[in-house]
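Data first, discussion second: the structure below is written as structure tokens.
Proteins come first, then strands; the chains are lettered A, B, ... in the order of their sequence lines, and each starts at number 1.
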Amino acid sequence: MNADSVTFIFLNAAIVNNFVLAMFLGICPFLGVSAKRETAWSMGLAVIFVMLVSSISAYGINWILQTLNIEYLRLICYIAVIASAVQLVEMTLKKFSPALFRALGIFLPLITTNCAILGVALFQTSREYNFVQSVSFSLGAGVGFTIALMLMAGLRQQLELAKVPSISQGAAMTLMLAGLLSLAFMGFAGLGASHG
Amino acid sequence: MSTTDTQSVTQPTPAFNMLRTLGLVATISGLLVVLSYRITLPMIEHNKQMAIERALFKVIPGAISRKNFEIVNNKIQPSGDKPQGIALYAGYDANGQLKGVALEAAAAGYQDVIRILYGYDPYCQCIRGIEVLKMAETPGIGDKINKDRNFVKNFEALEARPHASGKGLQNAIVPVKHGSKTEPWQIDAISGATISSTAVARMLNDASQQYVPIIINNLSVLENQE
Amino acid sequence: MLLHTFNHGVHPPDFKSLTNGLPIRRLPFAASLIVPLSQHAGKPSTPLVKVGEEVVRGQPIAAADGFVSVPQHAPASGRIKAIQLMPSARGPKTDCFIVDVYQAATQQELYEYTHDIDKMSAEEITQAVQDAGMVGLGGAAFPTHVKMKPPPDHHVDTLVANGCECEPYLTCDHRIMLEQPQNLLQGIRLIKKALGVEQAIIGIEDNKKDAAEILQQHLQENDNIRIQVVKTKYPQGAEKMLIKSLLGREVPPGSFPSAVGVSVFNVGTLAQIGELLPHGRGVIERVVTVSGPGVNKPGNYLVPVGTPVEFLLKHAGVTKDAHEVILGGPMMGMSVSALDVPVTKAMSGMVVLNKDDPDLKKGQTQPCIRCGYCVEACPMQLNPSMLGMMASASMYEDMQREYHLNDCFECGSCSYVCPSNIPLVQYFRIAKSVNRDMAAKNQGDAQ
Amino acid sequence: MAALPDKHETVTLDTFLRGLWQENPVFVMLLGMCPTLAVTNSAINALAMGLASTFVLVMSNSLVSMMRNFIPKQVRIATYIIIIATFVTMVDYAIQAISLDLYNALGAFIQLIVVNCMILGRAEAYASKQRLGATIINGLGIGAGFTFALLCLGVVREVLGAGTLFGFVLFGENFQPWVIMILPPGGFFVLGAWLLIFNWFRDRREQAERDLAEVQNER
Amino acid sequence: MAPYLNIIIAVTFMAGFGLLLASVLVLANRRLAVYEDPKIDEVEELLPHANCGACGTAGCRAFAEKLVAGELQPGKCTVNTPEMNQVIANFLGVELGSQEKITARLACAGGSNVAKRHGNYQGVDSCRAAALVSGGGKGCAWGCLGLGDCKEVCDFDAIFMDKHELPQVINDLCTACGDCVDICPRDLFSLQPLSHKLWVACKNLEKGEAAEDECRVACNACGRCALDAPEELISINNNLAVIDYSKNNLASQIAIERCPTGAIVWFDKGIQKGQRAKKIIRKEALPVE
Amino acid sequence: MSDFNTDLRSSPHLKQPVTVPQIMRNVVYALLPVCAYAVYAFGISVLLLLLTTTLTCMLAENLFCRLSNRPSSLNDWSIVITGLLLALTLPPGFPLWMAAVAAFIAVGLGKTLFGGLGYNVMNPALVGRAFVQAAFPAAITTWTPPFLPDRFSEVIPSTLTTPFMIPVPIGDWLKQSEVDAFTGATPLALYKFEQITTPAMDLLSGSVAGSAGETSAIIILAGGLYLAVRKMMDWRIPVGVMLGATLVSLPFWLMDSALYPDPVFVLLSGGLMLGAVFMASDMVASPVTPWGVWIYSLFIGMLTVIIRLFGGLTEGVMYAILLGNALSPLISGITQPKIFGQRGKS
Ligand SMILES: Cc1cc2nc3c(=O)[nH]c(=O)nc-3n(C[C@H](O)[C@H](O)[C@H](O)COP(=O)(O)O)c2cc1C
Ligand SMILES: Cc1cc2nc3c(=O)[nH]c(=O)nc-3n(C[C@H](O)[C@H](O)[C@H](O)COP(=O)(O)O)c2cc1C
Ligand SMILES: Cc1cc2nc3c(=O)[nH]c(=O)nc-3n(C[C@H](O)[C@H](O)[C@H](O)COP(=O)(O)O)c2cc1C
Ligand SMILES: Cc1cc2nc3c(=O)[nH]c(=O)nc-3n(C[C@H](O)[C@H](O)[C@H](O)CO)c2cc1C
Ligand code: SF4
Ligand code: SF4
Ligand code: SF4
Ligand code: SF4
Ligand code: FES
């Protein structure tokens, strides 16, 4: 599969180099919001959405900065724009669709300070993706984040019923679980790289 | 650290206040960044030059100076301010004699894309060396493509002869199982890291098929240092 | 041959050969009988007689208190010694008549009146059933006449006589079918008339084929009663399962059989109706299977209601290793602590287990290994594995909200198969009881 | 230890030490996990990342603290982010100028310091309420705690995963490296293992306290 | 391009960028903001996050909302330290509000050394479960089963089981959350102000011999306490002594003095029984009958 | 009448006689022939390997039980299964010290951390193997051919590597004891890198290189059959895994039989049989719901083949099972059975 093809970029970001489990991006929300399946699902959707927004804004800003030849302001502009965009979305939701806000909105502020979102913007720039590639990359990253989050939430919810020894309760166990998931995800290595 | 509070207005602050603060902060930060960028720029440039040259001189044995070219529409021309095509570096020895050219190549490896710089000697029509620029291969396995002595030996003189027709190579560069290399255009793979080896072979083959004829055809441009 | 049956379920050993060949025998009267005011689901009855009063065998001594309630009748001639709190099999103490039995009395005279049952209307039959103090003898002790008045939006078209008796050890229904086929069929005819249904089906497990044959012989031309042999499998006798086996209909969760047009009665209930109604008598005695390895003389006894368990045990004789007394069958019955609890209308059997009985040696409880045996066993197709784990984490509300806790009818199949010895049913009972209390409390708070 | 509203902390040794242990950003508060896990496959990377983060933390928080009375609430976050991003960009260029190899090893995670929850969190929770002195000391403490934690991970991962420490070969030629330690799962496992160890000590201490209390109760 | 031109572009751009951001935020604040009192968050921060409901609301957040709205007073939270509640009160500028300390109290004294058992309950260690198996074998159908569901359910470790398998409440730890009240299958717990010192530790509805047969400390409804009591402070109702706490100020230690079994007790630094109560010498559990 | 002491128990008062230790013991019985064949084919190295993992597992289990103040759980036999299966999935010449690491990780990280038997979220044996596969990738892809002449008198040199040291290369040793020019590659590697398909008969009878226990499909199948008949294993899982593998590989094979392997080869090669029969079927980490079981097992089968055909690894069973385990709570969540009487209604 061609390394630049849209499908490859998507699969690579979602599974092979999963943002959370292989790239270590967005670990904080991954540890924090993976206790329940329902919240994990909403969080995942919110992240996909925000990644898309920030990927598109980043693409635009980068274009402006490049035209003005001031790429070194990239980081400041990205993060400021992403933060404000998320905040705008959040406020809009709160005002016009309280129901949706309750489902997704509470996660939005959490997401702003999340490596994965900025990571998407920075990586797509450094890898020089075009617009379509960027969108597919951000979607892949978001889906990958959601997959990791859901798997984690499933396991953690199941372990709520287990008699977990006291020393491994809490963050320690969550990290070990993440490690196991990451170990299992190593099986995807090279997917799409060989055979066609 | 939630941003929710931002909109929880106790009493509306004058808009002017907000504009002033943010404007000011942004300006100051712009200034700071520009200054630090300007101050570090020469050092960074220098570092980058060094890095490129280190790689370059490694893959073009004997070269001590270089010049940047680019391939545009199957033609080679010196590169200008804005990159327009594929970058290509030419290396020269003390006499200004062309020792070879270097290009980047990439392909998907075991974990992620592997990016290398390889040096091509148009006179012996062979690849003279590779340098890995970026990879995420498994340490101890895939990352041997950088260190494994047997593997590196493949690239002392890997044949990449253009086809008589002027298109593609005469013999495609192919990987073979470890220990069974018989022809100069074959790459003796690392046992246990077949995938990474194959990736290197594939990227060299793909790149050479495309660019070797061009290089040979435009040799004069490179030699003349124009 | 493919027998009619339902999905899932278990096959415990049945131990029926201990008693199924023994005819029903009458038990003597104990010195004093204990007749609880509440032997049924619903409101307790209100006493009609005072302490010290003399009563005649069969005389009504307590009246129904409302529709979901039944009267009580004196099981023997004697004197009401007291009305006082006595232990019940379930635990809480309840008000009971203590009847001192006149030992000299012949106990022949019966308090009864005759009606012409052929002329009675449906309403009158239903009333007569209530007056007889009939409750379900299958175990639930639900007042029978209530089941004869299905909700108006339910159209009942089939009467099912439940002759499965799927509990191990118990054989009283089997004996009744063998010895009183006339009474049974008479009862079915009466209820058919009262319910206004066309067809009746008697469901019998295939380990009681002899009963099916005898009943077949007694069928009359125009009875429209069918006898259907079903597969021997626990809990075939649970009404929802039986309806599924016989008719292929599934009673929706939380509904009664009448929702799919069926009414189910135990064969014992129907036989008693057939026997008592023509004479206007009340329920004063029932057939009880006394069995189990801890009993010396197992058998089926016709026992006056109110006889203390202790008396019954003494009569049947227990081994010296006897260790546990179970009222009802071993799958659903309850072990009792106090032996002065009385035999009630709903008590179909008594099983005594020995100390070294392998059945008692449940090993140590281990964590659920998700073997799925319980899921394969549960006739209600619940997920006992999940429920059990949630119960040990005290997630009682979630059990009800997400995993249909209340649809579990505590048949015990899941506990029976669990290789980890997890007391699943017990967990579910705890969960249900906590949920019940919390619901009651929330309702109280709301008001 | 919830901070009481509107109260300025007097600078004590504890202002500094707290960040090192009681409020350790990694081990206790679980903040800034991404760099913690991503760049700690060698001790030198861990050290560089820790120092860079500390620099950004101290500088940006000082600025926030100095400006705390001028920043309107509504644009608080935006302002903080711009300030932080400024310093991050500066660090980014500084590292590029110092060593490209180090820069490549740390990858995007230098730039991602911007979104390190630890820094914004501190700005919100501490710097925006406290005086400059306290902020700097506290920032240094937190930064030191962060660096310490990163080193804890980096050292273990490098020693086991490569048989080296700060690049020096430790065990000789034939040592079999545990490659997993420098792979992603290793990051999770090592941090998890540290937490397990801390939990174990905590449990033991609690158990000892309980035993002591019981003995006293008996009397 | 000259470097300084680039610098000027950059700085101008940033200034414009900052202004743009600010304007957007200003606009957003004008158009979109939904008002929510920030105090709620801050107050919630100061609450213990136990979400126990002892304050009578659905949890700490709900309590914080009510506090900020002025509907409740900080003192209602019994889990928080008094100092912390004072901080909240100061923060909101309201009275601390006080609440009499309430604690859970057990209406049974029938430990294993005085109350009979008829059966050997074998099964899940849970009162609920035992109660469903023919009453768990305890002779007294109202008494404590002693398997400690209440101890398990108490999130605050305020209950421990004493050596006679009776739960004991540690008043200092009890937050009056009421969980033990809900869980007990025999309904033996209730929440009582500490000032209710006079207490009937029995729920047995039988009288005389019948009651005492099953448990040596049962209330046998002899009525002596009621006879003595001023103004019907104590009455016998349904074979049980009942205390009318509306007349609590009349209660005194005298009330316990005539009880022959010790079912009526006085709570003050431990549990006190009357002089005339039978002495309980037995220390070990009674054998199962 | 005797005044006996009554016991009070909750219903049901009858109990099916099967217990957990019994189930586990039967799985061990079913595994023994597989172990025996492994020893027969690869010699004493495998015997040492089996002993090392099993003993380490048992010791670790005992240690952890003691540390967490729980009664020893050795008597439920489950840990023996973990030990045996772990050894069976390792290459015959795997250094013993690495095997001990794997066993220790299997018990510690795979099981004890989550509360022991019944609470682990992933297959412990495979957690151990995945750990060493990532930690020592070179050692775990070093294979030896079966039926070497000296296998009962000589230990494969890498087996006895000093702890923490790199295993001795076995190339020279192989050359000197080699009958013919055997390359030491597994059927899957042969296939993947050289497009050579090993004949099904060899795969069935086990005369190929591979992990200690994965080479003879027949014996594994027989063990599985025994367990399935005794109802100590869910037959649907192995069947589902094989079905899933066939479903994915068949279309590709039909499309281009030169490039893609035939389904029979897919089923018989590598650890698919061992994984499907003994490892995917570990009940603890698989769903219990009827639909869930099918989804889970099909998922594993399909993923295995996808990894084999398109991934970087030659073998995918281990990762497929681990991922299946990880997915199983979610599968359970969406496949709760419709309860009795709900079917007709929506
Ligand atoms: C954890 C792990 C990491 C691996 N990393 C690489 C790698 O980076 N490059 C590579 O070519 N093969 C890698 N492999 C090995 C391949 O999966 C495959 O087994 C090998 O390339 C086969 O080569 P051979 O046929 O020469 O033995 C890795 C294997 C494992 C288990
Ligand atoms: C409130 C209530 C109403 C009932 N109404 C009916 C009814 O209308 N028709 C009916 O056939 N059974 C009715 N039943 C009886 C039940 O269907 C069932 O026979 C009884 O609960 C015992 O069943 P079991 O022995 O299978 O547990 C009712 C039961 C209850 C508790
Ligand atoms: C698990 C279970 C098993 C049952 N087994 C029988 C049985 O074997 N025979 C029977 O008559 N009733 C059995 N019942 C009761 C029936 O569901 C139903 O209540 C009864 O047949 C109604 O008749 P009745 O009201 O006349 O007792 C069982 C109930 C349950 C829940
Ligand atoms: C059919 C069956 C298969 C099993 N497979 C495994 C296995 O693959 N790996 C393992 O560690 N334990 C296995 N066990 C044993 C046991 O379930 C395992 O130790 C638990 O996962 C530990 O909680 C198996 C048990 C059974 C009954
Ligand atoms: S007791 Fe309940 S859960 Fe268990 S098998 Fe019976 S109906 Fe199902
Ligand atoms: S039968 Fe027991 S061990 Fe098996 S799944 Fe059900 S509860 Fe778990
Ligand atoms: S008070 Fe109630 S819950 Fe507590 S031990 Fe006694 S019976 Fe059980
Ligand atoms: S459970 Fe009972 S004893 Fe414990 S805190 Fe709540 S009210 Fe008090
Ligand atoms: S550091 Fe918090 S999400 Fe990455």
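Residue contact with chain F, scored on non-hydrogen atoms closer than 4.5 Å, involves the side chain of D:Leu196 exclusively.
Other residues, nucleotides and ligands place no more than 12 heavy atoms under 6.0 Å from the CZ atom of F:Arg66. Shown here is D:Phe198, whose CZ atom has more than 12 heavy atoms of other residues, nucleotides or ligands within 6.0 Å. Other residues, nucleotides and ligands contribute at most 12 non-hydrogen atoms within 6.0 Å of the CZ atom of D:Arg204.
Atom CD1 in D:Ile180 sits 9.0 Å away from atom CZ in F:Phe136 (nearest 0.5 Å). In this structure, F:Ile166 CD1 and D:Glu173 CD are separated by 7.5 Å, a value rounded to the nearest 0.5 Å.
Taking the six-membered ring where the residue is Trp, D:Phe189 and F:Phe131 present tilted rings, their angle falling between 30° and 60°.
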Can you give me every donor-acceptor pair (side chain of residues 46-56 of chain D, partner residue at least two apart or in another chain, under 3.5 Å) with its distance?
unit_1	atom_1	unit_2	atom_2	d
D:Ser53	OG	D:Met49	O	2.9
D:Thr54	OG1	D:Gly50	O	2.6
D:Thr54	OG1	D:Gly143	O	3.4
D:Thr54	OG1	D:Thr147	OG1	3.3

I'd like a table of donor-acceptor pairs (distance under 3.5 Å, sequence neighbours excluded) in which one partner is a side-chain atom from residues 87-115 of chain F, with atom names and distances.
unit_1	atom_1	unit_2	atom_2	d
F:Thr89	OG1	F:Leu85	O	3.4
F:Thr89	OG1	F:Leu86	O	2.7
F:Trp97	NE1	F:Thr162	O	3.4
F:Lys111	NZ	F:Ser78	OG	3.0
F:Thr112	OG1	F:Val107	O	3.0

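Minimum heavy-atom separation, D:Val179 to F:Pro137: CG2-CD, 3.9 Å. Across every non-hydrogen atom of F:Ala135 and D:Gln176, the tightest pair is O-NE2, 4.4 Å.
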